[in-house]
Amino acid sequence: MVSSDRFTVNASILFTELPLLERPAAAAAAGFDKIELWWPWVDAPVPEPAELDALRGALEDAQVQLTGLNFYAGQLPGPDRGALSVPGEESEKFRANIDVTADFARSVGCKALNALYGNRVEGASEAEQDALALENLGLAARAADRVGAVLLVEALNAPESPECPLVSAPRALEVVDAVNTATGLDNARFLMDLYHLSMNGEDLPAVIENSLDRTAHVQIADNPGRGAPGTGSLDFGDLFERLDKAGYDGLIGLEYKPGDNGSAASFGWLK
């Protein structure tokens, strides 16, 4: 079984009953010293420096390490699934955010930056969107490399994200390979979210076996329901054992909905 210090709490889905700046301390009070975040300022790809300083201070005060951060991804949570493949204003917002995210990550020692691909949109061909995506992912990969981080590419799931083209492990891995080829940096990696992959009906043991060499982060939630392990039907004991046997020694992000009793009460499965 994976030890508890291997877990990092996604504080953009857990502890959201609290203001952003209180979540690091809440995670610490629940026994965790690591968190990850979606881009916290949904409407501000380039927030005021004071907002960045405040989050940095909250992490330092709680003695909690930020282990992962999303680049700007549009309205998330909400209808969007990323911005980097969306021509026009959203792509420009993503580009404006790249160095902000990378520099903040460097300032807090965060080594993993997640770039969500985005939905298909009317008025742009798939080829146009994919070309824009590769260009923007290349920019993000170079910024991540500059601050000593990996660039994560995540597969979502088709039932919940029907307009997103990255809804399988093989498709996300194609993008990982394309970015590494384009940049020559070899710092793009797969974010293996076992909830999304299970929602797609993918063979999770096979995904673990076949893609771990290009995987830098794993996230979990049970299925159905996206709740904590034990609320659905996934066998996490088996999945953790498979990850261990395959040689995965990275962090596992807890990216699940806490349920009606609140976030602090959702970690009983760890015992």
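All of these numbers come straight from a predicted model, not from anything done at the bench.
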Fill in: side chain to side chain contact (heavy atoms under 4.5 Å, CB included) assessment of Leu185 paired with Asn180
CA-CA 6 Å; Leu185 296 172; Asn180 286 332; 5.6 Å; no
Discussion item. Please determine whether salt bridge (charged side-chain N to carboxylate O under 4.0 Å, His left out) holds for the pair Arg226 and Asp222, giving the CA-CA distance in whole Å, both sets of side-chain angles, and the decisive distance to 0.1 Å.
Written reply: CA-CA 5 Å; Arg226 201 175 185 177; Asp222 215 334; over 6 Å; no
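- Using modelled atom types, no side-chain atom of Glu36 and backbone atom of Val9 make a donor-acceptor pair closer than 3.5 Å.
- When all heavy atoms of Ala149 and Cys110 are compared, the closest pair comes out as CB-O, 4.2 Å.
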Item to complete: Test ring-ring contact (aromatic ring centres under 6.0 Å, His included) on Phe94 and Phe71 and set out the steps.
Response: CA-CA 7 Å; Phe94 178 83; Phe71 289 101; 5.6 Å; yes
Practice prompt. Step by step, work out the salt bridge (charged side-chain N to carboxylate O under 4.0 Å, His left out) result for Asp177 and Arg214.
Written response: CA-CA 9 Å; Asp177 291 343; Arg214 288 173 285 174; 2.6 Å; yes
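- In this pair, Tyr256 and Trp269 present their aromatic rings perpendicular. The plane angle is above 60°, beyond the 30 to 60° band.
- For the pair Pro229 and Leu234, the minimum side-chain heavy-atom distance is 4.5 Å or more.
- A salt bridge between Asp238 and Lys245 is absent, with no side-chain N of the basic residue lying under 4.0 Å from a carboxylate O of the acidic one.
- Between Val179 and Ala141, the shortest heavy-atom contact is CG1-CB, 4.0 Å.
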Worksheet item: Please walk me through it: do Asn200 and Asn157 pass side-chain hydrogen bond (donor to acceptor under 3.5 Å, both in side chains)?
Response: CA-CA 5 Å; Asn200 287 329; Asn157 73 77; 5.8 Å; no
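- Checked by atom type, the side-chain pair Asn114/Asn70 shows a donor-acceptor distance below 3.5 Å.
- Taking NZ from Lys257 and OG1 from Thr231, the interatomic distance works out to 10.5 Å, rounded to the nearest 0.5 Å.
- In this structure, Asp213 places its CG atom where more than 12 heavy-atom neighbours from other residues, nucleotides or ligands lie under 6.0 Å away.
- No donor-acceptor pair under 3.5 Å is formed between the side chain of Ser91 and the backbone N or O of Gly88.
- Checked by atom type and distance alone, the side chain of Thr16 never pairs as donor or acceptor with a backbone atom of Ser12 at under 3.5 Å.
- A salt bridge is absent between Arg142 and Asp145; no separation between the charged side-chain nitrogens and carboxylate oxygens falls under 4.0 Å.
- The distance between the ring centers of Phe7 and Phe267 does not fall below 6.0 angstrom.
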Fill in: Worked check of salt bridge (charged side-chain N to carboxylate O under 4.0 Å, His left out) between Glu135 and Arg95
CA-CA 10 Å; Glu135 183 177 350; Arg95 292 188 182 193; 3.1 Å; yes
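- One N or O on the side chain of Gln129 and one on the backbone of Ser85 form a donor-acceptor pair closer than 3.5 Å.
- In this structure, CD in Gln65 is found 9.0 Å from NZ in Lys111, a value given to the nearest 0.5 Å.
- By the 4.0 Å N-to-carboxylate-O rule, Asp99 lies close enough to Arg146 to be salt-bridged with it.
- Look at Asp186 and Arg189 and you find a salt bridge, because one of the NZ, NE, NH1 or NH2 atoms lies within 4.0 Å of a carboxylate O, short of that distance.
- Between Thr8 atom OG1 and Gln219 atom CD the span is 9.0 Å, to the nearest 0.5 Å.
- Looking at Val207 and Asn210, their side chains never come closer than 4.5 Å, going by heavy atoms from C-beta outward.
- Between Leu151 and Ala115, the shortest heavy-atom contact is CD1-CB, 3.8 Å.
- No donor-acceptor pair under 3.5 Å is formed between the side chain of Gln63 and the backbone N or O of Ala25.
- Under the 4.5 Å side-chain heavy-atom criterion for ILVMFWY residues, no single connected hydrophobic cluster contains both Ile98 and Val147.
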Discussion item. Under the criterion salt bridge (charged side-chain N to carboxylate O under 4.0 Å, His left out), I'd like the reasoning laid out for Arg56 against Glu60: C-alpha separation, chi angles, the key distance, then a yes or no.
Written reply: CA-CA 6 Å; Arg56 186 181 301 110; Glu60 292 172 353; 5.3 Å; no
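- Separating the OG atom in Ser211 from the CG atom in Leu173 is a distance of 5.5 Å, to the nearest 0.5 Å.
- Linking Ile, Leu, Val, Met, Phe, Trp and Tyr whenever their side-chain heavy atoms come within less than 4.5 Å leaves Phe15 and Val42 in two separate clusters.
- Counting all heavy atoms, side chain and backbone alike, Leu84 lies closest to Asn136 at O-ND2, 2.8 Å.
- The two residues Ser168 and Ala155 come nearest to each other via the heavy atoms O-CB, 3.5 Å.
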Worksheet entry | Test log, rule side chain to side chain contact (heavy atoms under 4.5 Å, CB included), inputs Leu204 and Leu239 | CA-CA 8 Å; Leu204 299 185; Leu239 292 169; 3.9 Å; yes
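- The residues Arg6 and Asp249 are annotated as not salt-bridged, no charged nitrogen and carboxylate oxygen being separated by less than 4.0 angstrom.
- Taking the six-membered ring for Trp and thresholds of 30 and 60 degrees, Trp39 and Trp41 have ring planes more than 60 degrees apart, a perpendicular arrangement.
- Neither Val150 nor Leu116 shares a network with the other; the hydrophobic side chains, linked directly or stepwise wherever heavy atoms of I, L, V, M, F, W or Y lie under 4.5 Å apart, form separate groups for each.
- In this structure, the side chains of Pro47 and Leu52 come closer than 4.5 Å at one or more pairs of heavy atoms.
- Here the side chains of Arg120 and Pro165 are in contact, with some heavy-atom distance below 4.5 Å.
- Pairs engaging residues 177-202 under the ring pair (Phe, Tyr, Trp, His ring centres under 6.0 Å) rule: none recorded [sequence neighbours left out].
- Of the possible donor and acceptor atoms, one in the side chain of Asp80 sits under 3.5 Å from a partner among the backbone N and O of Gln75.
- Taking 4.5 Å as the limit, some side-chain heavy atom of Met192 sits within range of a side-chain heavy atom of Leu212.
- Within the 3.5 Å criterion, the main-chain N or O of Ser263 finds a donor-acceptor partner in the side chain of Glu17.
- Within the 4.5 Å cutoff, the side chain of Pro40 has no heavy atoms near those of the Glu51 side chain.
- A chain of hydrophobic side-chain contacts below 4.5 Å, direct or via other Ile, Leu, Val, Met, Phe, Trp or Tyr residues, connects Tyr72 to Val153.
- For the pair Trp38 and Leu69, the tightest heavy-atom approach, listed with the atom from each and the gap, is O-CD1, 4.0 Å.
- Of the inter-residue distances, the one linking Leu14 atom CG with Ile35 atom CD1 reads 10.5 Å to the nearest 0.5 angstrom.
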Discussion item. Run Glu174 and Leu166 through side chain to side chain contact (heavy atoms under 4.5 Å, CB included) and show every step you take.
Written reply: CA-CA 10 Å; Glu174 285 178 12; Leu166 264 62; over 6 Å; no
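- Atom CG of Leu37 sits about 6.5 Å away from atom CG of Leu55, to the nearest 0.5 Å.
- Follow the hydrophobic side-chain contacts under 4.5 Å out from Phe240 and you reach Leu194 in the same cluster.
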Item to complete: Begin from the C-alpha positions of Arg171 and Tyr117 and carry the test side chain to side chain contact (heavy atoms under 4.5 Å, CB included) through to its verdict.
Response: CA-CA 11 Å; Arg171 182 71 182 94; Tyr117 201 84; 4.1 Å; yes
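- Asn119 contributes a side-chain N or O that, together with a main-chain N or O of Pro79, makes up a donor-acceptor pair within less than 3.5 Å.
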